[in-house]
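Below you'll find the structure, written out as structure tokens, and then a few comments.
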Amino acid sequence: MGWAIALHGGAGEIPLSLPVERRKPREDALRHCLQIGVEALKAGNPVLDVVELVVRELENNPQFNAGKGSVLSCNGDVEMEACIMDGKTKKCGAVSGLKTVVNAISLARLVMEKTPHIYLAFDGAEAFAREQGVETVDSSYFVTPENIERLNQAKEANRTQLDYTPPTPKDLNNEKSIPNGDSQLGTVGCVAVDNEGNLATATSTGGFVNKMVGRIGDTPIIGAGTYANNLCAVSATGKGEAIIRGTVARDVAALMEFKGLSLKDAAAYAVDSVPKGTAGLIAVSATGEVTMPFNTLGMFRACATEDGYSEIGIWPSIKN
């Protein structure tokens, strides 16, 4: 048994032609956040603190679709959502529809620890944030020129844009179609286990470009995009509707519990059970295993374990 950590920055049809100026900042951010998480685990920090810390750092990086980098709904506003879960107690907290909260993941943890509920959304969640004194800003903080352009492109193409969705042939007839398939940045998540086998998971997202106002994805839904118990911790990314239908995160734990599958086999089965091109996940087990499967072209991901293994990748690994 030993500690392990994994994080993701979104999955989708990430083109192999993704320009280095778009790819490298995200790889650097994953490397930086992985190091923060590793150092926190080595220092003996509670595993729930570790996943929150890493996701906060990812939320603060505009390279990803969470926090500062959150994409815009059809009305031009952000509606951020997040979820955190402790595997040992199964305590969890989730939020949706946030417009002013700088770090949605920390508000989700406050919902878990300071209320009798699991899930708060929209005006109620915003009011709770003010009551708790968490950092908030004017919603214009999240409305960047890049995200305004992404929204305009999506509206012109009359579509919602999922993580890294490449333009369709119809879009390609539009001179302003999104270049290199980089239609939006990626949802973020972190899973970790400490030396005692304590597990935790955290996921945060801005949803997808041009989504309907009020749409809720898989991220804050326990068992869909986020789940942890005494066997594993899981954070999913991709097309939320498919992940919700497939109860992807819970399926990983259920396959381990009821079928006796290994973490790797359970995660692979869960990802393969949803339509191709819709999902990826990161997961760790109570015994320090880690896996990061996806059925999309790529997934921004990173992991490290106590025995010295580490990986940072986007596309499938080439194994001899």
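The structure presented is a predicted model; accordingly, all values stated were derived computationally and were not measured.
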Student check: side-chain heavy atoms of [X] and [Y] closer than 4.5 Å:
{"X": "K259", "Y": "Y269", "answer": "no"}
{"X": "I118", "Y": "V111", "answer": "no"}
{"X": "L58", "Y": "L7", "answer": "yes"}
{"X": "V95", "Y": "Y119", "answer": "no"}
{"X": "T278", "Y": "N295", "answer": "yes"}

So, the side chain of [X] versus the backbone of [Y]: is there a donor-acceptor pair under 3.5 Å, distance only?
{"X": "K88", "Y": "N229", "value": "no"}
{"X": "N65", "Y": "G206", "value": "yes"}
{"X": "E13", "Y": "L297", "value": "yes"}
{"X": "N45", "Y": "V50", "value": "no"}
{"X": "D251", "Y": "A253", "value": "no"}
{"X": "N147", "Y": "S70", "value": "yes"}

Derivation and outcome, side chain to side chain contact (heavy atoms under 4.5 Å, CB included), residues T201 and I84: CA-CA 6 Å; T201 178; I84 192 166; over 6 Å; no
Looking at [X] and [Y], does any basic side-chain N land under 4.0 Å from a carboxylate oxygen?
{"X": "R150", "Y": "E146", "value": "no"}
{"X": "E311", "Y": "R301", "value": "yes"}
{"X": "D86", "Y": "K90", "value": "no"}

Do [X] and [Y] sit in the same hydrophobic cluster, where Ile, Leu, Val, Met, Phe, Trp and Tyr count as joined when their side-chain heavy atoms come under 4.5 Å apart?
{"X": "I216", "Y": "I105", "answer": "no"}
{"X": "L16", "Y": "I14", "answer": "yes"}
{"X": "V51", "Y": "V191", "answer": "no"}
{"X": "V71", "Y": "V101", "answer": "yes"}
{"X": "I222", "Y": "M112", "answer": "no"}

ILVMFWY clustering at 4.5 Å (side-chain atoms), partners of [X]:
{"X": "L281", "answer": "L231, V234, I243, V248, V252, M256, L263, V271, V274"}
{"X": "I36", "answer": "L53"}
{"X": "M212", "answer": "none"}

Side chain to side chain donor-acceptor pair (under 3.5 Å) pairs, two or more places apart, involving residues 101-116: D49-R109, E52-S106, E52-R109, R56-N103, R56-S106, E59-N103, N60-N103, R109-E113
What closest approach, in Å, do [X] and [Y] show between heavy atoms, and which atom pair accounts for it?
{"X": "M292", "Y": "I282", "result": "CG-CG2, 3.7 Å"}
{"X": "Y141", "Y": "K68", "result": "O-NZ, 2.7 Å"}
{"X": "P316", "Y": "F294", "result": "N-CZ, 3.7 Å"}
{"X": "A266", "Y": "L255", "result": "O-CD1, 3.6 Å"}
{"X": "T203", "Y": "S235", "result": "OG1-OG, 2.8 Å"}
{"X": "G76", "Y": "L151", "result": "CA-CD2, 3.7 Å"}

Euclidean distance, [Y] [atom2] relative to [X] [atom1], rounded to 0.5 Å:
{"X": "W3", "Y": "T305", "atom1": "CH2", "atom2": "OG1", "result": "6.5 Å"}
{"X": "E79", "Y": "S139", "atom1": "CD", "atom2": "OG", "result": "11.0 Å"}
{"X": "C33", "Y": "N61", "atom1": "SG", "atom2": "CG", "result": "6.5 Å"}
{"X": "T187", "Y": "H8", "atom1": "OG1", "atom2": "NE2", "result": "7.0 Å"}
{"X": "I221", "Y": "C92", "atom1": "CD1", "atom2": "SG", "result": "12.5 Å"}
{"X": "N195", "Y": "L41", "atom1": "CG", "atom2": "CG", "result": "8.0 Å"}

Whether over 12 other heavy atoms sit under 6.0 Å from R250 CZ: yes
Atom CZ of F122 with >12 non-hydrogen neighbours under 6.0 angstrom: yes
Trace of the salt bridge (charged side-chain N to carboxylate O under 4.0 Å, His left out) decision for R23 with E27: CA-CA 6 Å; R23 171 178 55 79; E27 291 176 322; 2.8 Å; yes
Let me check something: any side-chain donor-acceptor pairs from residues 123-130 under 3.5 Å, sequence neighbours excluded? List them with distances.
residue	atom	partner	partner atom	Å
E126	OE1	T100	OG1	2.5
E126	OE2	K99	N	2.5
E126	OE2	T100	N	3.1

Derivation of the side chain to side chain contact (heavy atoms under 4.5 Å, CB included) call for L72 and V209: CA-CA 5 Å; L72 306 180; V209 183; 5.9 Å; no
Steps toward side chain to side chain contact (heavy atoms under 4.5 Å, CB included) verdict (V54, I5): CA-CA 10 Å; V54 170; I5 185 171; 4.2 Å; yes
Residues which pass salt bridge (charged side-chain N to carboxylate O under 4.0 Å, His left out) with E289, listed by chain and number, not counting sequence neighbours: none
Modelled atom types, side-chain donor and acceptor of S140 and D138, under 3.5 Å: yes
Stepwise side chain to side chain contact (heavy atoms under 4.5 Å, CB included) check, D28 with H32: CA-CA 6 Å; D28 291 345; H32 168 71; over 6 Å; no
